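This structure is a prediction, so every number in the text was calculated from the model and none was measured.
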Amino acid sequence: MDRPHILYNEKTKKYVLWAKTTQKGQNFETAKFALCVGDSLFSLKFVKMIDSNPHFCGDFDLFKYENKAYAIFEYPHSEMIVRELNDEYTGFTDKWSSHLQFPCPPLVREAPAVFERNGKLFVLTSGTTSYFPNPTIAYDITNLHGEWKDLGKTCVNDKNNNSFHCQFSSVFKHPYVNDLYIALGDRWLIDLPEDLPNMEELFYDAFSGKFERFSEWQKLGEFTDENTEEATYVWLPISFDEQGNPRIKWLTTWTIEEFNK
């Protein structure tokens, strides 16, 4: 069970949690959503499992937009799906749309992190390179069920082309500081070297059937996902360029007070 997300439903006055679950030892084809509901954040109780048919569910986010709630999730190794939730946030309606269709990893996007700013809706996404980090790409998804606009790579001065060695999985607006948005990134593998090769290129070669850099692939076998319970986090503020597009710069240290002016 991973990637829990919580929404508050003003109509039912309930907190609603969705989380992705997969049967032990099974692949994404067994994944479903677990639903928990409670009167407070501390009284959430499991209610039921939710099937995402006709799609398999991968990494996801929950968000509200224009008085509706939505789930956005990766259809593994294929595309990104947006599905509308019912009024209680306890299941799906029949309305959905498909976006960012790509032929194979690492081009397929995952780990969507949605946020709204000044009337625009954005999503940060990662490529599919297992637990290895890769470049973050942002999209303007204001036209939610229509065309999404590619805003390019989000991380500035990302010299290793891997989002500062992390995968951003959540963005939230600070409740008390004006215009401060904070991106949370997961560092899944804690033993990766600083000079990690370009994972985007390695995975593309592999899924294209080339394997021209087999020796580098062999080296990756030294790093496993057995220690993901020890994963660490990266917290970085989001800045915005002249067009209002999100950009993330590396800061070794920073404080909330720097933005509370």
Side-chain angles (χ1 to χ4, degrees), residues 1-23 26-101 108-126 138-149 168-173 175 181 183-184:
M1 176 175 174
D2 61 14
R3 296 186 184 271
H5 294 285
I6 299 173
L7 291 180
Y8 178 70
N9 190 308
E10 287 84 359
K11 178 182 176 181
T12 63
K13 302 189 184 308
K14 301 284 187 181
Y15 290 89
V16 182
L17 178 148
W18 288 48
K20 185 185 75 172
T21 66
T22 308
Q23 294 180 25
Q26 301 297 311
N27 61 21
F28 61 80
E29 295 182 358
T30 68
K32 294 184 180 182
F33 292 108
L35 174 72
C36 300
V37 178
D39 294 324
S40 75
L41 291 173
F42 307 102
S43 63
L44 293 164
K45 295 186 182 300
F46 173 76
V47 176
K48 63 179 179 179
M49 301 299 294
I50 299 173
D51 203 316
S52 57
N53 282 335
H55 314 102
F56 297 127
C57 65
D59 297 344
F60 82 106
D61 198 0
L62 291 185
F63 64 97
K64 298 179 186 179
Y65 184 58
E66 295 184 338
N67 300 315
K68 291 283 187 179
Y70 300 87
I72 177 173
F73 58 93
E74 173 214 5
Y75 187 155
H77 296 184
S78 177
E79 61 206 298
M80 195 72 73
I81 303 294
V82 173
R83 293 192 63 169
E84 183 180 284
L85 305 190
N86 61 26
D87 290 341
E88 293 76 26
Y89 306 169
T90 56
F92 294 119
T93 71
D94 293 331
K95 188 168 185 178
W96 61 272
S97 56
S98 171
H99 307 268
L100 309 183
Q101 300 95 349
V108 179
R109 311 309 298 172
E110 66 176 10
V114 178
F115 65 101
E116 183 179 1
R117 179 181 184 262
N118 295 342
K120 285 188 176 181
L121 198 63
F122 300 100
V123 63
L124 304 185
T125 68
S126 166
Y139 295 85
D140 180 338
I141 63 171
T142 307
N143 187 8
L144 190 58
H145 290 296
E147 184 177 353
W148 291 3
K149 183 180 179 181
F168 293 105
S169 57
S170 182
V171 174
F172 66 95
K173 186 179 186 303
Y181 294 78
L184 165 63

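- A pairwise comparison of heavy atoms in M80 and P112 identifies SD-CG, 4.1 Å as the closest pair.
- The side-chain heavy atoms of T90 and L35, taken from C-beta on, include a pair separated by under 4.5 Å.
- In this structure, CZ in F60 is found 8.0 Å from CG in D2, a value given to the nearest 0.5 Å.
- Not counting sequence neighbours, the partners of Y8 by the ring-ring contact (aromatic ring centres under 6.0 Å, His included) test are Y15.
- Pairing each heavy atom of P4 with each of A19, the nearest pair is CA-CB, 4.1 Å.
- For an aromatic pair to be called close, the ring centres must be under 6.0 Å apart, and F92 with W18 satisfies this.
- Evaluation of the ring-ring contact (aromatic ring centres under 6.0 Å, His included) rule for Y89 yields no partner, not counting sequence neighbours.
- The ring of F115 has its center closer than 6.0 angstrom to the ring center of Y181.
- Ring geometry for W148 versus H99: interplanar angle under 30°, hence parallel rather than tilted (30 to 60°).
- Residues meeting the ring-ring contact (aromatic ring centres under 6.0 Å, His included) test with Y139, sequence neighbours left out: none.
- Under the 4.5 Å side-chain criterion, counting only non-hydrogen atoms from C-beta, Y70 is not in contact with R83.
- A heavy-atom distance below 4.5 Å is found between the side chains of L62 and L85.
- Across all non-hydrogen atoms, the minimal contact from L44 to G38 is CD2-N, 3.5 Å.
- Contact of the F63 side chain with the I72 side chain is registered, since non-hydrogen atoms from C-beta on lie closer than 4.5 Å.
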Residue pair E74, V108: steps toward the side chain to side chain contact (heavy atoms under 4.5 Å, CB included) verdict | CA-CA 8 Å; E74 173 214 5; V108 179; 4.2 Å; yes
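- Interatomic distance, CD1 of I6 versus CG of L17, reported as 4.5 Å (0.5 Å rounding).
- The salt bridge (charged side-chain N to carboxylate O under 4.0 Å, His left out) contacts involving residues 33-45 comprise K14-D39, where partners must be two or more places apart or lie in separate chains.
- Here the side chains of F73 and S52 are in contact, with some heavy-atom distance below 4.5 Å.
- Residue pairs meeting the salt bridge (charged side-chain N to carboxylate O under 4.0 Å, His left out) criterion with at least one member in residues 59-69, sequence neighbours excluded: R3-D59, E10-K64, K20-D59, K68-E84.
- For NZ of K149, the number of neighbouring non-hydrogen atoms (other residues, nucleotides, ligands) closer than 6.0 Å is 12 at most.
- Between V171 and L184, the closest side-chain pair of non-hydrogen atoms is not below 4.5 Å.
- Residues T12 and E88 have side chains that never bring a donor and an acceptor to within less than 3.5 angstrom of each other.
- Considering only residues two or more places apart in sequence or on other chains, H55 meets the ring-ring contact (aromatic ring centres under 6.0 Å, His included) condition with Y75, W96.
- Using a 4.5 Å heavy-atom cutoff, the side chains of S126 and F168 are not in contact.
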Practice item. Just do the side chain to side chain contact (heavy atoms under 4.5 Å, CB included) check on H145 and K95 with the steps written out, would you? Key: CA-CA 9 Å; H145 290 296; K95 188 168 185 178; 3.6 Å; yes
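- If you take CZ on F122 and CG on D140, they are separated by 5.5 Å, rounding to the nearest 0.5 Å.
- The closest donor-acceptor contact from the side chain of T125 to the backbone of E110 lies at 3.5 Å or more, if one exists at all.
- A donor-acceptor contact shorter than 3.5 Å links the side chain of T21 to the backbone of K32.
- Using a 4.5 Å heavy-atom cutoff, the side chains of Y65 and E116 are in contact.
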